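Structure, as structure tokens:
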Amino acid sequence: MSVAVAISQVEKRFGSLRALAGVSLQIGEGEFFGLLGPNGAGKTTLISCLAGLVRPDAGQLTVMGHDVLGDYREARRRLGVVPQELVFDPFFSVRETLRIQSGYFGIRHNDDWIDEILANLDLTAKADTNMRRLSGGMKRRVLVAQALVHKPPVIVLDEPTAGVDVELRQGLWQFIRRLNHDGHTVILTTHYLEEAEALCARIAMLKAGKVVALDTTRNLLARFSGQTLNLRLAGAVQLPPALQARATENGGIWTFHLATLDELEPLLAALRVGGCVIEDLRLTQTDLEDVFLGVMQEGRVSERTPC
Amino acid sequence: MLSGFRTLLYKELLRFWKVSFQTVGAPVLTALLYLLIFSHVLESHVQVHGVPYGAFLIPGLVIMSALQNAFANSSSSLIQSKVTGSVVFVLLPPISYVEFFLAYVVAAMLRGVMVGLGVLLVTMWFAPLTFVAPHWILLFIVLGGGIMGTLGMIAGIWADKFDQLAGFQNFLILPLTMLSGVFYSIHSLPEFWQLVSRFNPVFYMIDGFRFGFFGVSDVAPESSVAVVTATLLLVSAATLALLRSGYKLRS
């Protein structure tokens, strides 16, 4: 698999804030890649560096082999960015907006492709409407359309579904999935973890400007095993030392990660032997949220060499 | 290569043309009011350079309106797109900072010329005008519009809020353009203020522009064009350096 986006040792400071503290990532062509992290983790800064909106203090970024600073024309031609903020130019209609955006990329007579994007995003009826008169969801779709006018091989979506209704979200994902299926590399940042779990094949988690986890979604889920067991013990009986080593405690609730359900019975037996009485017990399938919380809270740093 | 420049220029022209009632119509009306009031009061009393006051005033009003609107065009476009965030649409594409500069300045200049032409068309009926040297007329309005469009870019890039931009406009651009010989010949001023006026580049724009109509001026037009060209080069170099550094646009 050839590399679509290479990020190496990127650092960025804003005053005393270290927004990016040496981020390295490689994203392969055709990947659906997720960038997760809490607010302020550096996701948007990283994307802004990639898009040339922010200049990194150190490090290098390339898009399809083109350096985003040294060879910015070629790099930007290959990148489509859907910004996080719902921005629009109030002077123009949807079609004017898309024609102008095409011209910026050196594409004239782009109406066939523009019509196709409009149809796919369900915007055809609004083509000649002024941007000011569109609803928030419609404006969001135009932002997606604007990022696609120059048919970029790499598409970056910065929290594209924040504040978007369910129906539009579904439609949007269907369209983005198809683009990915057609060979576009898609990079997504999102707060909706179930969305990342459903869409992204590989995920990087950022915390305080650092990559704290980088793996396939499947491996990340597997690393935190198949099941999470939470239990509360009655009385003041201590957990046997052998079990304590395997568990984490938070507010009187002990959490175990089980690779398979076969591990459950021996664990309960050990508790019985240790004289523990279970007051409350919950068993759940590990999802990306558990992984995310685990990585963020415990700082389980595990960087794998990118494939 | 030039497609970014062309499209950005087209976008900038379309932007003000869509609201031409405010961006061209309003300044033309303002200039007409100035002419009607001042020439009503002063016409029978004053002659400047042997020209009736109304006729003397018209070229001044034409280029003053052109300069102020050139400044307004680039500065308001930039601050508006910065405040709303839509500036990303011109920062994401492969447009070089030189193309970026040229598009905003040429658009500002063209709006200035358009407003100037509008002012000329509505005022020329009120006083006898001559067009002794049209090439000077054109040259000074183009260079002056370029300077003001460039200053507008600096202001638009620097300002984070509309009131900062208004400050720049009201406390710098307005005095520079009003106190530059639009309404009088600087020879009518006390010596000290004559000296001060000679440090105002707008004075040379207006003086040279007016020479194109009447063939008389406070300063030889060749000298004025030298000052104005040097000013344009200086502010352009400063603006290009700002854009190149990414100041306030690419952090």
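Protein chains get the first letters and strands the later ones, always in sequence-line order, with residue 1 at the start of each. The analysis underlying the following values was restricted to heavy atoms, covering all of them including side chains, and did not include hydrogens, waters or symmetry mates. This one's a predicted model, so the numbers in the text were calculated from it and none came from an experiment.
Identified by a heavy-atom distance below 4.5 Å to chain A, the contributing residues of residues 60-82 of chain B are B:Gln80, in residue-number order.
Of all heavy-atom pairs between B:Ser3 and A:Gly106, the closest is OG-CA, 2.9 Å. Counting all heavy atoms, side chain and backbone alike, B:Val19 lies closest to A:Phe91 at CG2-CE2, 4.1 Å. Smallest separation of non-hydrogen atoms from B:Ser245 and A:Arg55: O-NH1, 2.9 Å. Contact between B:Arg250 and A:Gly52 at its shortest, heavy atoms only, is NH1-O, 2.9 Å.
For A:His181, the NE2 atom counts as loosely surrounded, since its 6.0 Å shell holds 12 or fewer non-hydrogen atoms of other residues, nucleotides or ligands. Within 6.0 Å of the OH atom in B:Tyr34, the count of heavy atoms belonging to other residues, nucleotides or ligands does not exceed 12. By the neighbour-count criterion of 12 heavy atoms within 6.0 Å, atom CD of B:Gln164 is densely surrounded, having more than that number from other residues, nucleotides or ligands. The environment of B:Tyr10 atom OH is sparse: at most 12 non-hydrogen atoms of other residues, nucleotides or ligands sit within 6.0 angstrom.
Looking at A:Leu79, neither its backbone nor its side chain comes within 4.5 Å of chain B, counting heavy atoms on both sides. The part of A:Gln146 that comes within reach of chain B is its side chain, from C-beta onward, which places non-hydrogen atoms under 4.5 angstrom from that chain. For A:Tyr104, the parts lying under 4.5 angstrom from a heavy atom of chain B are both the backbone and the side chain. For a residue to count as touching a neighbouring chain, one of its non-hydrogen atoms must lie under 4.5 Å from one of that chain's; by this rule A:Phe14 touches chain B with the side chain only. Within the 4.5 angstrom heavy-atom criterion, atoms from both the backbone and the side chain of B:Lys11 approach chain A.
At a threshold of 4.5 Å between non-hydrogen side-chain atoms, the residues B:Ser96 and A:Tyr72 count as touching. B:Pro93 has its side chain within reach of A:Gln101: a pair of non-hydrogen atoms, C-beta onward, lies under 4.5 Å apart. Taking 4.5 Å as the limit, some side-chain heavy atom of B:Leu14 sits within range of a side-chain heavy atom of A:Phe92. Using a 4.5 Å heavy-atom threshold, the side chains of A:Val87 and B:Phe89 count as touching.
Between A:Glu96 and B:Lys18, at least one side-chain N (NZ, or NE/NH1/NH2) sits under 4.0 Å from a carboxylate O, which counts as a salt bridge.
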Please tabulate, for side-chain N and O atoms in residues 151-160 of chain A, each donor-acceptor pair with protein atoms closer than 3.5 Å (sequence neighbours left out).
residue  : atom : partner  : partner atom : Å
A:Asp158 : OD1  : A:Gln84  : NE2          : 3.3
A:Asp158 : OD1  : A:Thr189 : OG1          : 2.7
A:Asp158 : OD2  : A:Thr44  : OG1          : 3.0
A:Asp158 : OD2  : A:Gln84  : NE2          : 3.4
A:Glu159 : OE1  : A:His191 : ND1          : 3.4

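Looking only at heavy-atom pairs under 4.5 Å with chain B, the residue among A:Ile107, A:Val54, A:Leu53 that has the most is A:Leu53.
Atom CZ in A:Arg108 sits 7.5 Å away from atom OG1 in B:Thr7 (nearest 0.5 Å).
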